[in-house]
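The figures that follow rest on heavy atoms only: side chains count, while hydrogens, waters and symmetry mates do not. Note that the numbering runs from 1 along the sequence shown for the chain.
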Amino acid sequence: MSYLVKILVAGESFVGKTTLIQRYIADEFIVGIRNTIGVDFFLKQITEIQFEGLEENDHLDLQIWDISGESRFREILPLYSAGTHGVILCFNDINSFEKLENWEGLLQKIIPHPIPRILLRTKADLDEDIPSKYKIDEFMKQYKCIGFYSTSAKDGTGVSDAFI
């Protein structure tokens, strides 16, 4: 059997959402990816990992929705959020982290809890100013995030773990 799992990836423009997804889908780092216009989506079939409740020949079809970070596209987000099974909230520095509160405010209206969320730091290979562990923990507690991952699309660190 095949099971479809829809994941929505959200965060500000230029935090590296599309590059992160490309690393996970194709295991490659692409330099110079253009800004996402509206939404884009990617598919990945997961057969190499056995999940609880699945039979040996079952697999997951992971549908990853890449949401533009530009504010002008946020009004179309409800059109693409139906059936979401999980949300990945991305940031790469303090500024993009602070804007996740706005994202979560929007997402609460269209993808309410208990749909799980994870918090994901992108571009961990760069020397960016990031929030303190305390601020990250407080955000996770306030918005009921079930996990935090630090990732790098450039070298692949933490990318597969975050999606799985």
Side-chain angles (χ1 to χ4, degrees), residues 1-31 33-69 73-74 76-92 96-97 100 103-104 106-125 136-137 139-164:
M1 292 205 55
S2 173
Y3 297 91
L4 178 67
V5 178
K6 181 177 179 179
I7 305 297
L8 190 132
V9 181
E12 290 298 299
S13 291
F14 304 108
V15 298
K17 298 180 300 292
T18 305
T19 307
L20 176 86
I21 295 167
Q22 285 289 346
R23 169 59 83 171
Y24 180 62
I25 297 295
D27 195 25
E28 61 185 1
F29 178 68
I30 302 171
V31 178
I33 291 179
R34 292 186 295 159
N35 206 12
T36 302
I37 306 295
V39 297
D40 199 356
F41 79 95
F42 303 83
L43 295 170
K44 180 169 177 116
Q45 188 175 82
I46 302 174
T47 57
E48 69 277 3
I49 300 170
Q50 189 61 39
F51 293 94
E52 184 178 329
L54 296 184
E55 300 295 324
E56 188 174 327
N57 293 325
D58 293 348
H59 65 272
L60 295 179
D61 290 323
L62 191 59
Q63 194 179 73
I64 305 169
W65 288 77
D66 182 8
I67 305 302
S68 174
F73 295 115
R74 293 191 188 155
I76 66 170
L77 185 54
L79 301 173
Y80 298 98
S81 61
T84 297
H85 296 101
V87 176
I88 299 176
L89 297 164
C90 297
F91 73 95
N92 69 307
S96 60
F97 176 79
L100 285 179
W103 276 101
E104 189 55 38
L106 172 64
L107 291 169
Q108 280 295 324
K109 295 174 188 168
I110 57 176
I111 309 172
H113 290 288
I115 301 298
R117 284 137 164 80
I118 65 167
L119 182 61
L120 198 144
R121 175 189 175 201
T122 60
K123 302 181 183 181
D125 55 289
I136 290 171
D137 289 344
F139 182 93
M140 290 182 60
K141 182 178 175 183
Q142 181 176 352
Y143 297 110
K144 301 176 181 134
C145 296
I146 61 170
F148 170 71
Y149 296 88
S150 189
T151 65
S152 168
K154 186 174 185 177
D155 65 22
T157 301
V159 175
S160 289
D161 291 339
F163 279 97
I164 297 302

Peer 1: Do Phe148 and Asp137 touch side chain to side chain, with heavy atoms closer than 4.5 Å?
Peer 2: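 Of all side-chain heavy-atom pairs linking Asp137 with Phe148, none is under 4.5 Å.
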Peer 1: Counting only N and O atoms by type, is there a donor-acceptor contact under 3.5 Å from the side chain of Thr19 to the main-chain atoms of Gly16?
Peer 2: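 No.
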Peer 1: Hey, does Ile64 have a side-chain heavy atom less than 4.5 Å from the side chain of Phe163?
Peer 2: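 Heavy-atom side-chain distance check passes, below 4.5 Å.
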Peer 1: Please report the interatomic distance OG(Ser150) to CG(Asp125), rounded to the nearest 0.5 Å.
Peer 2: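 Separation between the atoms: 9.5 Å.
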Peer 1: Determine whether Ile164 and Ile46 satisfy the following criterion, side chain to side chain contact (heavy atoms under 4.5 Å, CB included), listing intermediate values before the conclusion.
Peer 2: CA-CA 9 Å; Ile164 297 302; Ile46 302 174; 3.9 Å; yes
Peer 1: Taking only residues at least two apart or on different chains, which pairs with a member in residues 9-25 satisfy salt bridge (charged side-chain N to carboxylate O under 4.0 Å, His left out)?
Peer 2: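 Non-adjacent pairs meeting salt bridge (charged side-chain N to carboxylate O under 4.0 Å, His left out): Glu12-Arg74, Arg23-Asp27.
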Peer 1: Determine whether Leu77 and Leu107 make a side-chain contact, defined as any pair of heavy atoms from C-beta on separated by less than 4.5 Å.
Peer 2: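 A side-chain contact exists here, since the closest heavy-atom pair is under 4.5 Å.
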Peer 1: Measure the NE2-CE distance between His59 and Met1 for me, rounded to the nearest 0.5 Å.
Peer 2: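 Those atoms lie 10.0 Å apart.
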Peer 1: Please tell me if the side chains of Arg121 and Tyr149 come closer than 4.5 Å, counting only heavy atoms from C-beta onward.
Peer 2: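 Side-chain contact under 4.5 Å: no.
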Peer 1: Among Leu60, Asp61, Thr84, which one satisfies side chain to side chain contact (heavy atoms under 4.5 Å, CB included) with Val5?
Peer 2: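 Of the listed residues Leu60, Asp61, Thr84, the side chain to side chain contact (heavy atoms under 4.5 Å, CB included) partner of Val5 is Leu60.
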Peer 1: Between Phe139 and Phe97 (judged by ring centroids, cut-off 6.0 Å), do the two rings come close enough to count as a pair?
Peer 2: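 Centroid separation for Phe139 and Phe97: below 6.0 Å.
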Peer 1: Take Ile67 and Trp103 through the side chain to side chain contact (heavy atoms under 4.5 Å, CB included) test and state the conclusion after the steps.
Peer 2: CA-CA 11 Å; Ile67 305 302; Trp103 276 101; 3.9 Å; yes
Peer 1: Answer yes or no: is there a side-chain heavy-atom contact under 4.5 Å between Val159 and Leu20?
Peer 2: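 SC-SC contact between Val159 and Leu20 confirmed.
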Peer 1: Please determine whether side chain to side chain contact (heavy atoms under 4.5 Å, CB included) holds for the pair Lys123 and Lys154, giving the CA-CA distance in whole Å, both sets of side-chain angles, and the decisive distance to 0.1 Å.
Peer 2: CA-CA 8 Å; Lys123 302 181 183 181; Lys154 186 174 185 177; over 6 Å; no
Peer 1: Measure the spacing between CD1 of Ile88 and CD1 of Ile118 and express it to the nearest 0.5 Å.
Peer 2: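 It comes to 4.5 Å.
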Peer 1: Rounded to the nearest 0.5 Å, what's the gap from CD1 on Ile115 to NE2 on His85? Could you check?
Peer 2: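 Those atoms lie 7.0 Å apart.
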Peer 1: Tell me the closest heavy-atom pair linking Pro116 and Ile146, and the distance in Å.
Peer 2: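 Taking every non-hydrogen atom into account, CB-CD1, 3.6 Å.
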Peer 1: Rounded to the nearest 0.5 Å, what separation is found between the OH atom of Tyr24 and the OG1 atom of Thr151?
Peer 2: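 Answer for the OH-OG1 pair, Tyr24 versus Thr151, is 13.0 Å.
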Peer 1: Please name the pair of heavy atoms, one in Phe41 and one in Gln63, separated by the smallest distance, quoted to 0.1 Å.
Peer 2: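 Shortest heavy-atom separation between Phe41 and Gln63 comes out as CD1-CG, 4.0 Å.
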Peer 1: Is there a donor-acceptor pair closer than 3.5 Å between any side-chain N or O of Thr122 and the backbone N or O of Cys90?
Peer 2: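 No: the side chain of Thr122 does not pair with the backbone of Cys90.
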Peer 1: Output the distance between atom OH (Tyr143) and atom CG (Leu100), rounded to the nearest 0.5 Å.
Peer 2: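 Result: 9.0 Å between the selected atoms.
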Peer 1: Evaluate the side chain to side chain contact (heavy atoms under 4.5 Å, CB included) criterion for residues Arg117 and Glu104: first the C-alpha distance (whole Å), next the side-chain angles of each, then the deciding distance (0.1 Å), finally the verdict.
Peer 2: CA-CA 10 Å; Arg117 284 137 164 80; Glu104 189 55 38; 2.7 Å; yes
